[in-house]
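First up is the structure itself, then whatever we jot down about it.
Index from 1, following the sequence.
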Amino acid sequence: MNIEQKLCEELKISPATLKNWQKEKLIPPLPAELTGDYLKQIRQNTKNKLSSRANRSLSSKKQTLHHGLTSPERKKLLSSLVQLYEASKLTPEEAVFSLCYRCLVCENLLESSFLSDTFITRQMLEWKKSLEEKAEASKSPLNPSLFDAFFISNEDDDLIGAFYQSILSLSKKSGSGSFYTPQSLLKDIHIPSNKSVYDPCCGSGNILLKVLSKNHQPDLIFASDIDEIALKICRVNLVLFFHNPDIKAKIFYRDFIFLPDKELACANTDKTLYDYIITNPPWGAVFSANQKTLLKEKYPLLKTSESFSLCLYNAFFSLSEKASLYFFLPKSFLNVSKHKKIRQFLLEQNCSLKICDFGNAFKGVVSQTILLKLEKCIDKDWKNKERKIESSAGIIPQESILPPDYFIPLFPPDKLFINQKLLERLSYITLKNQAIFGMGIVTGNNKAVFRQKKSDTSSDSGDSDESADRVALKKEPVYRGKDIQPYQLSETNLKIQFNRDDFQQSAPEKLYRQKKIVYRFIADHPICCIDEKGCLFLNSANFFIPSQELNYPWESIVCLFNSSFYAEYYKNTFASLKILRSHLEKLPLFLFTQDQHKQLKELYDKANSDFPQKNQIQAEIDDLLRHFLCPTSK
């Protein structure tokens, strides 16, 4: 590993970010070896960037999280517990132990003197001894009675887990890809009491608390995690849930991603199999370069180091016959190309799939959420039968999920205006290899670039004695993604001096100065217009320049991409909050007649000039496209 790779791993940044910071002179010349003083200097230089939302893996911010707590009294109790912890000198683990101790004592499941001979007493004594040894080594006293002033009743709401989440730094949760699962997502999942259930990424056990019944057989409950403190909370939570100090659910440490070779799910035929596996696996867990290499060697079929894909793969091989699996996954699982191998793997198995769309279900997480339900089948002739995927919007024929990417739509394609049958019936081309794509300018520090100075507010008088150098540095308008409206650019009050050397990233200036089609980068469907004036754009806007060989009118492209049909098709096919080049290159450009293109051009010109009436004009464009593509439809 070279010095750049070591530095990226130490700071948890990408090579591209390192390059940008070097360009901004935030990174001193690289030494032969990394030292503490050198890293300290970098962290000081990049303090704001490292603690920003964009790099939350190094953020030390905390926030009280009322996950699973519904009543105002319960939320107030949690806030009081967190405040008392912050005023103490206890470590997070000592505070969690103290809270577990108090919750058990209040429910008469643990004697304050630890004299009873029960399973949970032995576990708590062992934990207490471990903490006392750590406290003695650090010469800080253990205070298990920190919360003795509170009477804490059990309401099966994972109060202890919410406390633990609240006192953890954001970076610890982000680095592991770990976030709480809202109980509203679990209300329709019920596990039969005589079936084995396993949560391989259990955390504090909040999922189990919501899907188990009080009469579930404890020896059929399995839970694992890589967070030892969370596992202890899970054990206490189940004791509280069943109100039994001798409850012995099988709770154990296990890294469900870095399984030892002898435990690799696909290779081990003697492992324990489960009737139900339900979990919220880590999404986008941070791995070092060496770990990523190791994971790709361990899972050559998947060709990925994405944490949720690896967990899903291992979970499949841990299911018994006719078993069920519930996985909470980012919506990108359905349609991002880097996840195509795990999609292909599941689609080639003897199982049924159901997908529920929950949207933005996780607080503080931008990614949208789905629940994947998989049921193993025992039909030996399944390969010769028609198979379907059930979604919350209807039935999706598996035959419509095609290689090489195996995108899984959320809506049945036949319910869309633009569907597989239409694409098979009509001729079309695409932008693939037929356009130059470019990105907007990445300044690296928008606040500094657009900070108004007195010299900037003076009128642009165009004095004759103005020097050539001053003219060369004159500021000009620059547009953001939100300034791009269908068919038109709105006004902007931002101005910038184009000097490519000052920016972190930008396209060659000659591309900005050309006529081009610009589109919002952050959106759930294409929103675009034609820039005739060679304007500048920030990186919330991207653009493309169709080639002459494409021989397709730009106005028709913009009419198609802005239409309600393409919005629907895009959302269903890609379900992405970012408009990616790879997506645009897959959108069909139907081969209209010259007269049809002329009609679209007339409406485009109308939309471009009569902006206040854009909704009415868009409806006219949609009607025209419907007539072109499906003349018999109404």
Residues [X] and [Y] bridged, charged N to O under 4.0 Å:
{"X": "Lys388", "Y": "Glu390", "answer": "no"}
{"X": "Asp605", "Y": "Lys601", "answer": "yes"}
{"X": "Lys606", "Y": "Glu620", "answer": "yes"}
{"X": "Asp595", "Y": "Lys598", "answer": "no"}
{"X": "Asp405", "Y": "Lys586", "answer": "yes"}
{"X": "Glu585", "Y": "Arg581", "answer": "yes"}

Phe537 and Phe521: ring-ring contact (aromatic ring centres under 6.0 Å, His included), yes or no, with the steps?
CA-CA 11 Å; Phe537 293 84; Phe521 175 53; over 10 Å; no
Quick one: sort the [X] and [Y] rings into parallel, tilted or perpendicular, breaks at 30° and 60°.
{"X": "Phe407", "Y": "Phe574", "value": "perpendicular"}
{"X": "Phe358", "Y": "Phe328", "value": "tilted"}
{"X": "Tyr313", "Y": "Phe317", "value": "perpendicular"}
{"X": "Phe316", "Y": "Phe345", "value": "perpendicular"}
{"X": "His583", "Y": "Tyr570", "value": "perpendicular"}
{"X": "Tyr552", "Y": "Phe592", "value": "tilted"}

So that I know where these two stand, are Phe543 and Tyr512 an aromatic pair - ring centroids less than 6.0 Å apart?
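Close enough - the centres of the two rings lie under 6.0 Å apart.
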So which atom in [X] and which in [Y] form the shortest heavy-atom distance, rounded to 0.1 Å?
{"X": "Leu624", "Y": "Gln599", "result": "CD1-OE1, 3.5 Å"}
{"X": "Asp357", "Y": "Ser392", "result": "N-OG, 3.6 Å"}
{"X": "Leu410", "Y": "Ser391", "result": "O-OG, 2.5 Å"}
{"X": "Trp283", "Y": "Leu329", "result": "CZ2-C, 3.3 Å"}
{"X": "Leu319", "Y": "Ser324", "result": "CD2-O, 3.6 Å"}
{"X": "Leu273", "Y": "Ser196", "result": "O-OG, 4.1 Å"}

Looking only at side chains, do [X] and [Y] share a donor and an acceptor under 3.5 Å apart?
{"X": "Ser400", "Y": "Gln420", "answer": "no"}
{"X": "Glu568", "Y": "Asn572", "answer": "no"}
{"X": "Ser506", "Y": "Arg500", "answer": "yes"}

Mark yes or no for whether [X], through its side chain, and [Y], through its backbone, hold a donor-acceptor pair below 3.5 Å.
{"X": "Gln434", "Y": "Leu431", "value": "no"}
{"X": "Thr443", "Y": "Asn446", "value": "yes"}
{"X": "Asn314", "Y": "Cys311", "value": "no"}
{"X": "Thr279", "Y": "Phe327", "value": "no"}
{"X": "Gln291", "Y": "Ser288", "value": "yes"}
{"X": "Asp381", "Y": "Asn384", "value": "no"}

Could you check whether atom [atom1] of [X] has more than 12 heavy atoms from other residues, nucleotides or ligands sitting under 6.0 Å from it?
{"X": "Lys515", "atom1": "NZ", "result": "yes"}
{"X": "Asn551", "atom1": "CG", "result": "no"}
{"X": "Lys571", "atom1": "NZ", "result": "yes"}
{"X": "Leu402", "atom1": "CG", "result": "yes"}
{"X": "Glu424", "atom1": "CD", "result": "yes"}
{"X": "Gln594", "atom1": "CD", "result": "no"}

Which value, rounded to the nearest 0.5 Å, describes the distance between [X] atom [atom1] and [Y] atom [atom2]?
{"X": "Glu555", "Y": "Leu560", "atom1": "CD", "atom2": "CG", "result": "12.0 Å"}
{"X": "Lys341", "Y": "Tyr406", "atom1": "NZ", "atom2": "OH", "result": "7.5 Å"}
{"X": "Ser540", "Y": "Tyr479", "atom1": "OG", "atom2": "OH", "result": "13.5 Å"}
{"X": "Ile207", "Y": "Ile189", "atom1": "CD1", "atom2": "CD1", "result": "7.5 Å"}
{"X": "Ser305", "Y": "Tyr299", "atom1": "OG", "atom2": "OH", "result": "11.5 Å"}
{"X": "Lys296", "Y": "Thr304", "atom1": "NZ", "atom2": "OG1", "result": "7.0 Å"}

Could you check whether any side-chain heavy atom of Cys559 comes within less than 4.5 Å of a side-chain heavy atom of Tyr487, counting everything from C-beta outward?
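Yes; the side chains approach each other to less than 4.5 Å.
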Report yes if the side chains of Ile401 and Ile389 come closer than 4.5 Å at any heavy-atom pair, otherwise no.
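Yes, close enough: below the 4.5 Å cut-off.
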Side chain to side chain contact (heavy atoms under 4.5 Å, CB included) evaluation trace for Val211 with Tyr326:
CA-CA 11 Å; Val211 302; Tyr326 295 86; over 6 Å; no
Suppose we screen for side-chain hydrogen bond (donor to acceptor under 3.5 Å, both in side chains). Which residues come up paired with Asn433, at least two apart in sequence or across chains?
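So Asn433 forms no side-chain hydrogen bond (donor to acceptor under 3.5 Å, both in side chains) with any residue.
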Steps toward side chain to side chain contact (heavy atoms under 4.5 Å, CB included) verdict (Phe256, Tyr198):
CA-CA 12 Å; Phe256 205 57; Tyr198 175 39; 3.9 Å; yes
State which residue, out of Cys201, Pro281, Pro200, Pro282, fulfils the side-chain contact (heavy atoms from CB on, under 4.5 Å) condition with Ile257.
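Only one option passes, and that is Pro282.
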Going by the side-chain contact (heavy atoms from CB on, under 4.5 Å) test, name the single residue among Leu334, Leu346, Asn335 that passes it with Ile408.
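For Ile408, the side-chain contact (heavy atoms from CB on, under 4.5 Å) check succeeds only for Leu334.
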Go through the steps to decide whether Lys578 and Ile522 satisfy the test side chain to side chain contact (heavy atoms under 4.5 Å, CB included), and finish with yes or no.
CA-CA 5 Å; Lys578 295 179 180 179; Ile522 305 299; 3.9 Å; yes
Would Arg425 and Lys421 count as a side chain to side chain contact (heavy atoms under 4.5 Å, CB included) if you check the C-alpha gap in whole Å, the side-chain angles of each, and the deciding distance to 0.1 Å?
CA-CA 6 Å; Arg425 180 170 59 84; Lys421 292 181 180 178; over 6 Å; no
Give me the one residue out of Lys385, Arg387, Lys322 that meets salt bridge (charged side-chain N to carboxylate O under 4.0 Å, His left out) with Asp379.
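Per the salt bridge (charged side-chain N to carboxylate O under 4.0 Å, His left out) rule, the option paired with Asp379 is Lys385, out of Lys385, Arg387, Lys322.
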Going by the rule side chain to side chain contact (heavy atoms under 4.5 Å, CB included), which residues pair with Arg513 if we only count those two or more places apart in sequence or in a different chain?
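For Arg513, the residues satisfying side chain to side chain contact (heavy atoms under 4.5 Å, CB included) (neighbours in sequence not counted) are Glu476, Phe498, Glu509, Leu536.
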Scan for side-chain hydrogen bond (donor to acceptor under 3.5 Å, both in side chains) pairs involving residues 516-538, sequence neighbours excluded, and state none if there are none.
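Of all non-adjacent pairs touching residues 516-538, those that pass side-chain hydrogen bond (donor to acceptor under 3.5 Å, both in side chains) are Gln485-Arg520, Lys516-Asp531.
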